[in-house]
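Report on one structure; see the data block that follows.
Everything quoted here is computed from the prediction, not taken from an experiment. Counting starts at 1 for both ligands and their atoms, in listed order.
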Amino acid sequence: MSTNKVALITGSTSGIGLGIAKNFASKGMNIILNGFGDTAAIEEIRAKMAKENGVEVRYNGADMSKADEISAMIQSIESEFGAIDILVNNAGIQHVSPIEDFPIEKWNAILAINLSSSFHTIHSALPKMKEKGWGRIINIASAHALVASPFKSAYVAAKHGIAGLTKTAALETAALGITINAICPGYVWTPLVEKQIPDTAKARGITEEQVINDVLLHSQPTKKFVTIEQVAALASFIASEDAASITGAIIPIDGGWTAQ
Ligand code: NAD
């Protein structure tokens, strides 16, 4: 069933990244999982994905805040598989706080994981993609790459940065068979969203239920969370041959949020 295509999805032990990995494995791609979590639980996910889909599934635990670990991960994948065909930059964290209280170490960690890691993966993976004359790079940005919300200074700055990196890298590779795009989800129900609800309630002085209905879903005219499966299906299309003319695009999947 394997297509022989190799996809690295950063931050794929949970949430959107895991959903994309499952979708890609079901299409016959070989998968490299990355991200933090319980070792036994990750091994269970890895083994199940490989067995159910008849593909190779590896796990690399590189810390996406560390440039040297990122380049070592890319090198180890290339030495086993030749090149990464599809790179999904998905790892991300969040912190919600007014700017004057925003911890400096949180600012630095969010910029490193949500923005700089994508520069480092692209920097390391691009030479082999260029040699092959084929590649797909999909950056999981956010509606916050296009619009802001209060109390998310680092996240919004990093995601706007990803939009700029996407456009620049796309122009540098447009004639080479490589596409580089950003997917911009609205709110998707994952641990990242669930964990920010108590801090958002505190920062805004409202209840957690009000955060869900009056802050999160208030942004989305559909009044529904985007699903992990919908984001994964969009990533799968962007990775396909049919999407060869889509590059440098910043693509919302946000229930109408950024149409307002
Ligand atoms: P999640 O918390 O479920 O998953 C985050 C993943 O990143 C996990 O696998 C985690 O282990 C990994 N990770 C975190 N720090 C890491 C590090 N230093 N090194 C390696 N891996 C690391 O979150 P999610 O909601 O699935 O978010 C995935 C991406 O989607 C993020 O970039 C996020 O900004 C973006 N996004 C999420 C939403 C949403 O509503 N959930 C909306 C728009 C964009």
Side-chain angles (χ1 to χ4, degrees), residues 8-23 31-39 41-42 45-46 59-74 87-96 105-106 108-118 120-121 138-149 152 154-163 165-166 182-197 200 211-212 215-220 222 224-232 234-235 250-255 257-258:
L8 165 63
I9 302 111
T10 71
S12 47
T13 51
S14 168
I16 293 170
L18 179 57
I20 293 173
K22 284 180 179 165
N23 181 309
I31 303 293
I32 292 89
L33 298 169
N34 160 263
F36 298 151
D38 175 70
T39 310
I42 293 170
I45 291 170
R46 189 205 64 73
Y59 167 71
N60 187 303
D63 181 341
M64 299 304 289
S65 68
K66 304 208 165 90
D68 55 340
E69 291 192 23
I70 294 171
S71 64
M73 170 172 68
I74 304 284
L87 165 64
V88 182
N89 289 310
N90 167 80
I93 57 168
Q94 175 63 287
H95 184 77
V96 179
E105 62 278 10
K106 288 282 182 201
N108 288 335
I110 291 175
L111 268 284
I113 297 164
N114 295 18
L115 176 58
S116 298
S117 71
S118 300
H120 295 304
T121 55
I138 302 169
N139 298 321
I140 305 302
S142 166
H144 284 120
L146 297 161
V147 294
S149 295
K152 296 183 177 176
Y155 189 88
V156 172
K159 295 297 185 181
H160 275 64
I162 282 288
L165 175 65
T166 301
I183 291 179
C184 299
Y187 287 107
V188 186
W189 191 259
T190 68
L192 181 139
V193 164
E194 218 175 331
K195 277 189 258 170
Q196 68 186 267
I197 289 172
T200 305
V211 171
I212 294 174
V215 180
L216 304 184
L217 293 180
H218 175 76
S219 307
Q220 291 183 192
T222 51
K224 285 184 185 141
F225 285 96
V226 178
T227 69
I228 289 173
E229 291 73 21
Q230 289 165 350
V231 178
L234 179 56
I250 311 299
I251 306 166
I253 170 166
D254 64 6
W257 176 353
T258 55

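The CG atom of Asn139 lies 10.5 Å from the CD1 atom of Ile251; values are rounded to the nearest 0.5 Å. If you take CD on Glu194 and CD1 on Ile212, they are separated by 8.5 Å, rounding to the nearest 0.5 Å. The distance from the CG atom of Leu111 to the NZ atom of Lys106 is 13.5 Å, given to the nearest 0.5 Å. Residue Met73 holds its CE atom at 10.0 Å from CG of Asp63, rounded to the nearest 0.5 Å.
From the protein, the heavy atom lying nearest to atom 19 (N) of ligand 1 is Met64 N, 2.8 Å. With respect to atom 7 (O) of ligand 1, the closest heavy atom belonging to the protein is Gly11 CA, 3.4 Å. Protein heavy atom at the shortest distance from atom 16 (C) of ligand 1 is Phe36 CE1, 3.6 Å. Among protein heavy atoms, atom 9 (O) of ligand 1 sits closest to Thr13 OG1, 2.7 Å. When hydrogens are left out, the protein atom nearest atom 43 (C) of ligand 1 is Pro185 O, 3.3 Å; that is the closest non-hydrogen contact. The protein atom (non-hydrogen) at minimum distance from atom 23 (O) of ligand 1 is Leu192 CB, 3.2 Å. Regarding atom 24 (P) of ligand 1, its nearest protein heavy-atom neighbour is Thr190 OG1, 3.4 Å.
Counting only non-hydrogen atoms, the option in Ala145, Gly92, Ser118 that gets closest to atom 5 (C) of ligand 1 is Gly92. Summarising the contacts of atom 26 (O) of ligand 1 with Ile16, Val226, Leu216, the nearest heavy atom is found in Ile16. Counting only non-hydrogen atoms, the option in Gly35, Gly37, Ser65, Gly186 that gets closest to atom 42 (C) of ligand 1 is Gly186. Closest heavy-atom approach to atom 29 (C) of ligand 1 among the candidates Asp63, Asn90, Ile9: Asn90. With atom 4 (O) of ligand 1 as the reference point, the heavy atom nearest to it among Ser117, Cys184, Ala91, Ser14 is part of Ser14.
Annotation for ligand 1: atoms under 4.0 Å from non-hydrogen atoms of Ala62 are 19 (N), 20 (C). Using a 4.0 Å cut-off to heavy atoms of Ile93, the atoms of ligand 1 that qualify are 14 (C), 15 (N). Of all the atoms in ligand 1, the ones that sit under 4.0 Å from a non-hydrogen atom of Asn34 are 20 (C), 21 (N). Listed by number with element, the atoms of ligand 1 under 4.0 Å from a non-hydrogen atom of Gly15 are 3 (O), 26 (O). Of all atoms in ligand 1, numbered sequentially from 1 with element shown, those under 4.0 Å from a heavy atom of Tyr155 are 33 (C), 34 (O), 35 (C), 36 (N), 43 (C), 44 (C). Short contacts between ligand 1 and Tyr187, defined as distances under 4.0 Å to a heavy atom of the residue, involve ligand atoms 40 (O). The contact set between ligand 1 and Ile113, taken as ligand atoms under 4.0 Å from a residue heavy atom, comprises 18 (N).
Proximity of Trp189 to ligand 1, defined as any heavy-atom pair under 4.0 Å, is not found for any part of the residue. With a heavy-atom cut-off of 4.0 Å, Val193 touches ligand 1 through its side chain alone. The residue Lys195 has no part lying near ligand 1, judged by heavy-atom distances below 4.0 Å. Here Val188 has heavy atoms under 4.0 Å from ligand 1 in both its backbone and its side chain. Contacts between Ile228 and ligand 1, counted as non-hydrogen atom pairs separated by less than 4.0 Å, are absent for every part of the residue. Contacts of Ala141 with ligand 1, taken as heavy-atom pairs under 4.0 Å, involve the backbone alone.
Shown here for Thr227 and Val188, the closest heavy-atom pair between the two residues is C-CG1, 3.9 Å. Contact record, Asn114 with Lys159: ND2-CE, 4.2 Å, taken as the closest heavy-atom pair. When all heavy atoms of Ser219 and Tyr187 are compared, the pair lying nearest together is OG-CE1, 4.1 Å. Between Asn90 and Gly11 the shortest heavy-atom distance is ND2-O, 2.9 Å. Residue Ile70 comes nearest to Met64 through the heavy atom pair CD1-O, 3.5 Å, listed as atom of the first residue, atom of the second, then distance. Heavy atoms only, all atoms of each residue included: Ile162 and Ser118 are closest at CD1-OG, 3.5 Å.
With Gln196 contributing its side chain and Gln94 its backbone, the two residues share no donor-acceptor pair below 3.5 Å. A donor-acceptor pair is defined here as one N or O able to donate and one able to accept, closer than 3.5 Å; no such pair exists between the side chain of Ser65 and the backbone of Ile113. Proximity of a side-chain donor or acceptor of Tyr155 to a complementary backbone N or O of Ile93 within less than 3.5 Å is not detected.
On a distance-only criterion, Ser142 and ligand 1 share no N/O pair closer than 3.5 Å. An N or O contact shorter than 3.5 Å is missing between Ala143 and ligand 1 by distance.
The side-chain contact (heavy atoms from CB on, under 4.5 Å) test with Thr10 singles out one residue from Asn34, Val88, Asn60, and that residue is Asn34.
Phe225 and Trp189 have perpendicular rings, their planes meeting at more than 60° on a 0 to 90° scale where under 30° would count as parallel.
Side-chain contact check for His144 and Ser149: at least one donor-acceptor pair (N or O, by modelled atom type) lies under 3.5 Å.
Residue Lys66 places no heavy atom under 4.0 Å from ligand 1.
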